[in-house]
Amino acid sequence: MTESSAKQEKDATIAAHWREEELIAPPAAFVKQANADSTDIYERMAEENFPGCFDEYAELLDWSRPWDRTLDDDRPPFFRWFVGGELNASYNCIDRHLDDAGEKVAFHFVPEREDEPARSLTYSELHREVSELAAVLRDDFGLKRGDRVTLYLPMTLELPITMLACARLGVIHSSVFSGYSGQACADRINDSQSRLLITMDAYHRGGKLLDHKVKAEEAVRRSDDCLEHCLVFRRHAGEYHSETPMQEPRDRFADELLAARKGAEVSPEPMRSEDTLFLMYTSGTTGKPKGAQHSTGGYLAWATATSKYVLDLKPDDVYWCMADIGWITGHSYIVYGPLALGVTSVLFEGAPTVPDAGRPWRIAEQYGVGVFHTSPTAVRALRKADPDLPGKYDLKFRAMTTVGEPIEPEVWHWYREAIGGGDAVITDTWWQTETGGHLITTLPGVVPMKPGSAGPALPGIYPAIYDEEGNPVPSGRRRAGNICIRNPWPGRMLTIWGDDERFVRTYYERYNTDPESRDWRDWPYLAGDGAIQSEDGYYRILGRIDDVINVAGHRLGTKELESACLTVGAVSEAAVVAVHDPVKGVLPEAYVSLKPRYSTDNVGEEVVRHIVDMIGPIARPRRVWVVEDVPKTRSGKIMRRVLSALSEGRDTGDVSTLANPEVVETIRRRIADETGSG
Ligand code: WTA
């Protein structure tokens with residue numbers, strides 16, 4: 001790099017060009033009933049009260065032994081919370097509700113097929129099923145505290161039941177998303193050295209009965225000697241819907257073993273607060289996934305407190321989170337947080353647009369769902385399918401959450417108007433697999449919403465935005481940097497499973513100036529996202545640091561460009577990627593898909609005009625591709641990496657784990673035809 005280009009690089013700050021949206025106050029009726037209804041909570045959690053302020057979150061749980069020390073920070077960044085305390089997560093999610101609410105429904109399980117009856121499972125029934133399965137795990141497989149078990153299960157009741165049975169014994173569960181390949185599952189079995197794989201023969205998704213055991217078989221075949229057995233639930237009692245034969249004695253049917261444990265009582269194992277509750281694998285910058293290792297006490301306190309104050313869950317609520325339990329959102333906000341609060345949840349097996357985009361609203365109507373939780377991608381898909389459809393149903397959402405990606409103001413407003421009836425509160429929650437629960441979001445009864453911004457930090461969370469040199473980036477200057485959290489918090493993962501060194505390197509090395517320091521203030525947590533803070537303290541997340549596009553020294557968040565694309569009336573979804581350019585270094589290219597019944601005429605020019613208008617000529621895309629669909633992961637994240645490979649004519653790598661791998665080939669052919677390449 002020449003000196004002048006280095007200088008240019010250094011001077012280049014991430015410019016944020018989005019227009020600031022207006023603040024929107026929550027309706028008075030919401031504030032009146034909210035779990036957090038005044039700014040007191042921010043004061044109680046002020047920095048001078050750290051870390052003792054977090055005791056009140058731990059007090060939301062039942063402990064068999066109280067803790068002696070709120071925060072053990074003797075060995076940064078390996079922080080430990082509520083040390084000396086003992087508790088059991090399964091007890092907190094089930095047993096403690098039995099006296100008062102044993103007959104209350106814990107889950108309404110809704111199968112994908114509308115002609116298959118739903119099943120409502122009470123807390124007492126949950127208790128029985130968890131206990132019996134815990135007996136099987138302990139007595140048939142000899143599992144004991146600290147052992148690892150991999151769960152490869154779809155969105156059926158067996159998944160939360162299995163997690164809680166593991167938690168009851170102190171067995172560490174590692175849940176692998178059912179949409180992952182057998183190889184991906186095997187990698188996770190091997191990394192965690194799991195003794196048992198728990199899976200299901202088949203499940204319904206996207207209008208089909210998918211053979212799942214066939215993938216589990218591949219996982220078993222590719223796993224190390226650590227794996228002793230495979231426990232198989234049957235989706236339909238007494239039937240077996242897999243091409244792969246059961247291999248006795250390695251494979252066992254769960255129903256047969258459970259029949260022999262009828263009425264078994266397994267008492268919850270008292271676990272130390274810092275004992276591991278579960279592993280959740282997440283992708284890093286290298287190919288090897290990282291096992292985020294979560295604690296029992298700190299994690300559960302965080303999931304519970306944020307479910308109470310951010311999701312605003314009350315014991316009488318019917319709540320529905322459409323995420324998959326195979327991801328962290330499902331762990332924290334379908335299983336552990338809501339159950340610890342004794343709430344009733346909907347658990348849905350299927351895809352939201354099958355058989356049609358009215359399905360979620362029929363479910364919400366039927367169960368009287370009051371609090372709804374989904375991702376921006378799902379919101380965009382539902383809007384794309386038919387923007388007027390939700391208005392035809394009697395929806396009564398008082399609170400709605402989004403998670404996982406920035407939500408464009410355009411989409412946010414549709415979510416609130418069309419689905420929220422114009423008066424639901426929206427919490428846009430920013431957090432990560434590693435953080436255990438929400439970090440940045442509004443407390444919906446206390447601070448106003450701002451479309452496009454996640455919000456201020458939660459009480460007790462102290463973010464900072466640093467530039468490349470480690471200098472704080474001031475708020476209100478329209479400059480962005482790397483968002484960090486300055487202080488430890490109870491929900492943060494303990495470490496990366498089996499790799500403390502990678503944990504320190506990934507999250508702490510960047511901004512730690514003294515590796516010997518024993519002071520937590522020297523250990524800011526690097527989240528890996530670009531962000532900007534406006535004058536009023538609200539944070540806007542610009543996407544992963546690696547999603548930032550640097551056009552001629554101007555760094556643009558891909559999300560800003562995508563948001564501009566979405567202001568074009570015809571556009572339903574947009575993905576912007578960086579492509580190399582001999583003059584400018586990199587240039588953006590945009591991929592957009594259209595709402596139904598719109599023609600592609602002039603859409604490309606319109607998109608360019610909106611980007612240039614809203615951001616400036618610097619952001620002008622080299623090309624706009626109007627496509628039928630963009631490649632996405634099964635959890636709905638747009639795979640910009642795949643699109644940028646297509647734009648640059650590079651190999652896309654393995655795309656078989658995508659939700660819609662077929663679109664990759666379609667786009668590749670389009671590009672080849674139109675650019676004369678390939
Ligand atoms: C992104 C999901 C903008 C972010 C809970 C983060 C978000 C990554 C938001 C973590 C949000 C999550 N606004 N971006 N509200 N929430 N992200 O580990 O880039 O699957 O680093 O956890 O998703 O994804 P993960």
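Counting convention: from 1, in listed order, for ligands and their atoms alike.
Listed by number with element, the atoms of ligand 1 under 4.0 Å from a non-hydrogen atom of I541 are 3 (C), 14 (N). The ligand atoms of ligand 1 that sit less than 4.0 angstrom from a heavy atom of T429 are 9 (C), 11 (C), 15 (N), 16 (N). Those atoms of ligand 1 with a heavy atom of D428 less than 4.0 angstrom away are 11 (C), 13 (N), 15 (N). The atoms of ligand 1 that sit less than 4.0 Å from any heavy atom of G404 are 1 (C), 7 (C), 9 (C), 12 (C), 16 (N), 17 (N), 23 (O).
Scanning all protein heavy atoms for the shortest distance to atom 3 (C) of ligand 1 gives P406 N, 3.0 Å. Of the protein's non-hydrogen atoms, T433 OG1, 2.7 Å is the one closest to atom 18 (O) of ligand 1. Among protein heavy atoms, the minimum distance from atom 6 (C) of ligand 1 is reached at D529 OD2, 3.2 Å.
Ring centers of W489 and F54: at least 6.0 Å apart, outside the cut-off. Aromatic pair Y152/Y180: centroids not less than 6.0 angstrom apart.
Taking any N or O of V403, backbone or side chain, none lies under 3.5 Å from an N or O belonging to ligand 1. For a threshold of 3.5 Å applied to N or O pairs, the pair formed by E434 and ligand 1 contains no separation below that value.
Within the set W327, Y539, W431, the minimum heavy-atom distance to atom 10 (C) of ligand 1 is found for W431. Nearest to atom 20 (O) of ligand 1 by heavy-atom distance, out of R540, Q432, K637, H438, is K637.
Between A619 and I611, the shortest heavy-atom distance links the atoms O-CG2, 3.4 Å.
Donor-acceptor pairing under 3.5 Å is recorded for the side chains of S194 and S192.
A search for salt bridge (Lys or Arg N to Asp or Glu O under 4.0 Å) contacts involving D275 returns R145, R272, not counting sequence neighbours.
For G528, the heavy-atom gap to ligand 1 stays at 4.0 angstrom or more.
Around atom CD of E535, no more than 12 heavy atoms belonging to other residues, nucleotides or ligands sit under 6.0 Å away.
Relative ring orientation between Y336 and F278 is described as parallel, the plane-to-plane angle staying below 30° on a 0-90° scale split at 30° and 60°.
Test I334, T402, V403 against H373 for side-chain contact (heavy atoms from CB on, under 4.5 Å) and you get one pass: V403.
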